[in-house]
Amino acid sequence: MGMGNWTVGDCLRMSAARWPGKTILKDHRRSVTYEQLDARVNQVANALGQLGLQKGDTCAFMLYNCMELIEVFYGLARAGIVGVPINFRNASKEIEYLVRHSDSKALVVGEEFLERITPLVGSCIDPDRVLVVGTETAGRKSYHDYLSKASDQAPSVHIDGDHVWYIGYTSGTTDNPKGVPTRHRAILENATQWLVDYGRYGEDDRFMLVMPLFHANAIMCSFLMITVGGTLYLHHSGQFDAEEMLGIIDSEKITITSVVPTMLNLILHLPSQVQDKFRRTSVHTILVASAPLWTTIKEGTLNYFSNTQLFEAYGSTEHQIVTVLKPKYQWEKIRSIGKAITYKEVKLLDDNGDEVPAGQPGELYARGWGIPLREYYKDPEGTAKAYRGDWSTVGDIAVMDAQGFFYLVDRKKDMIISGGENISPSEIENQIAKHPAVREVAVIGQPDEKWGEAVTAVVALREGMEASAEDIKACCEGSLARLVDGTGRDRGEH
């Protein structure tokens, strides 16, 4: 193994030696111990070898969150086969792009998605190398049958920390998704950063995994639990149901979970008699990522989960976790993404590559430990664009205040440019969300002859409540004059 060359597979092996009979995975059907998972992961690695895959080959997989998904992810790690997690919301065309672009030689797929992958079988994937998880395998190889014939002894494959565990594809809104080869070393370095700065995790924790496992965030959370000896409760992720989530938190005494703001919003909009049915004092930590929390959601969450510390983070497929806002700053730094995490540095640059002063928006660049992006897969041009020296960017725009806290303004391509001014949709959304009748809001730019783009708010109201367009505009009056320049950030709004 060599010093510093631990891999993701080693972390599971070491945990299985420490906590053999302890439950690592649990879902609504069954539970699995560390020892059982370790043996199962060996079977996956050996079964993929029997399919003809070798170290360095790629294998795509598309499943809802389930035990098999964890088995596959870790089986690939142990075999040295590169995983390609596919977003289960993708249509056939997008799936085909990912399978072709990643040079995937095999595909593990949930029975729910068979129709979507049928057009690809034969044209870009060998029918003999499709494994189906479920009972309805439609003439294809059954994952469970195939695995049951494989040895549960560790395969003799040598891999080190610089080997790629998986290629994380970014969601391409305007162009094709980009692949980020993510090495074992980057995952272990990130785990260290999470353990130092982002929440607290230990062997007594019961983590509820709600985010789908094609997200860097979910991959990291599950890896942490496996590494520290906790228990991971897998939520199926097919459809988010706020009441169902609260039921699981209560019955499983969940201590920690990672969510996106929309999920908290849905919990807070449940009728109070539903909210009050569930115990939730077991939850000591909630991690929030992917978008800054509206002030109203933050207040509601901290009131409802009264025993909880809230951590917000900013990260990406390319950089993993970059900044974190810790619980003690939640009120004095509203809408902030916090400061750079331990072992990473952040700076904001203008288009010439010069650092911008505090209060001015600039493109966010990061460097340091655990940055997966060394290169975009088969995209040297994209890689060159992302880097300035050893600093790289994913194109997000941020502002830093006088105390060194960062605020995400928006992605470059989300900025609305109206009358030559950069306008940040998230600023306006936060303001409109304060209106008592507003359930959800999204702000977008619409083409406009006079201004180039007109700022347009799409608002969903709470049941039984009313608000006119004039009411919504009125709640922005006074605040939005300063919002327009996108820089008046540190206003201490509450």
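Treat the numbers as computed from the prediction; the structure is a model and nothing was measured.
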> State whether the side chain of T323 and the backbone N or O of I337 hold a donor-acceptor pair below 3.5 Å, judged by distance alone.
yes
> Distance-only, no hydrogens or angles: does the S104 side chain make a donor-acceptor pair with backbone N or O of R100 under 3.5 Å?
no
> Salt-bridged, D38 to R78, with N to O below 4.0 Å?
yes
> Counting N and O atoms only, with roles assigned by atom type, does the side chain of S123 sit under 3.5 Å from a partner on the main chain of P119, one being a donor and the other an acceptor?
yes
> Going through the checks in order, is the ring-ring contact (aromatic ring centres under 6.0 Å, His included) test met by Y314 and F406?
CA-CA 10 Å; Y314 158 75; F406 291 97; 9.2 Å; no
> With a 4.0 Å cut-off, would you call D126 and K105 a salt bridge?
no
> Using atom types as modelled and distance alone, determine if a side-chain donor or acceptor of H235 lies under 3.5 Å from a backbone N or O of L209.
no
> Would you confirm whether T342, through its side chain, and Q193, through its main-chain N or O, come within 3.5 Å as a donor-acceptor pair?
no
> Donor-acceptor pair, distance only, cut-off 3.5 Å: does the side chain of D350 make one with the backbone of D354?
yes
> With distance as the sole test, does S336 use its side chain to make a donor-acceptor pair with the main-chain N or O of F405 at under 3.5 Å?
no
> Cut-off 3.5 Å, side chains only: do N217 and S258 have a donor facing an acceptor?
yes
> Would the number of heavy atoms belonging to other residues, nucleotides or ligands and lying under 6.0 Å from NZ of K378 be above 12?
yes
> If you measure from the Lys or Arg side-chain nitrogens to the Asp or Glu carboxylate oxygens, is any gap between E312 and K298 under 4.0 Å?
yes
> Return yes when atom OH of Y343 has more than 12 non-hydrogen atoms of other residues, nucleotides or ligands closer than 6.0 Å, and no otherwise.
no
> Decide yes or no on ring-ring contact (aromatic ring centres under 6.0 Å, His included) for Y365 and W391, but give the supporting numbers first.
CA-CA 6 Å; Y365 279 76; W391 296 80; 7.6 Å; no
> Please verify the inter-ring angle class for H163 with H184; under 30° counts as parallel, over 60° as perpendicular, anything in between as tilted.
tilted
> Can E429 and W294 be counted as having a side-chain donor-acceptor contact under 3.5 angstrom?
no
> Is the shortest distance from a Lys or Arg side-chain nitrogen in D401 or K333 to a carboxylate oxygen in the other one below 4.0 Å?
yes
> Answer yes or no: is there a donor N or O on one side and an acceptor on the other, between the side chain of R116 and the main chain of N90, under 3.5 Å?
yes
> Does E112 come within less than 4.0 Å of R89, counting only side-chain N to carboxylate O?
no
> Ring pair (Phe, Tyr, Trp, His ring centres under 6.0 Å) with Y74: which residues, sequence neighbours excluded?
W165
> Students often mix this up, so state it plainly: with edges at 30° and 60°, are the rings of H101 and Y169 parallel, tilted or perpendicular?
perpendicular
> Just wondering, more than 12 heavy atoms not from Y329 lying within 6.0 Å of its OH?
no
> Does any part of the side chain of Q309, heavy atoms only, come nearer than 4.5 Å to the side chain of H284, both counted from C-beta?
no
> Check R129 with D57, please: is the shortest side-chain N to carboxylate O separation under 4.0 Å?
no
> Looking at N5 and G161, would you say the former's side chain and the latter's main chain have a donor-acceptor pair under 3.5 Å?
yes
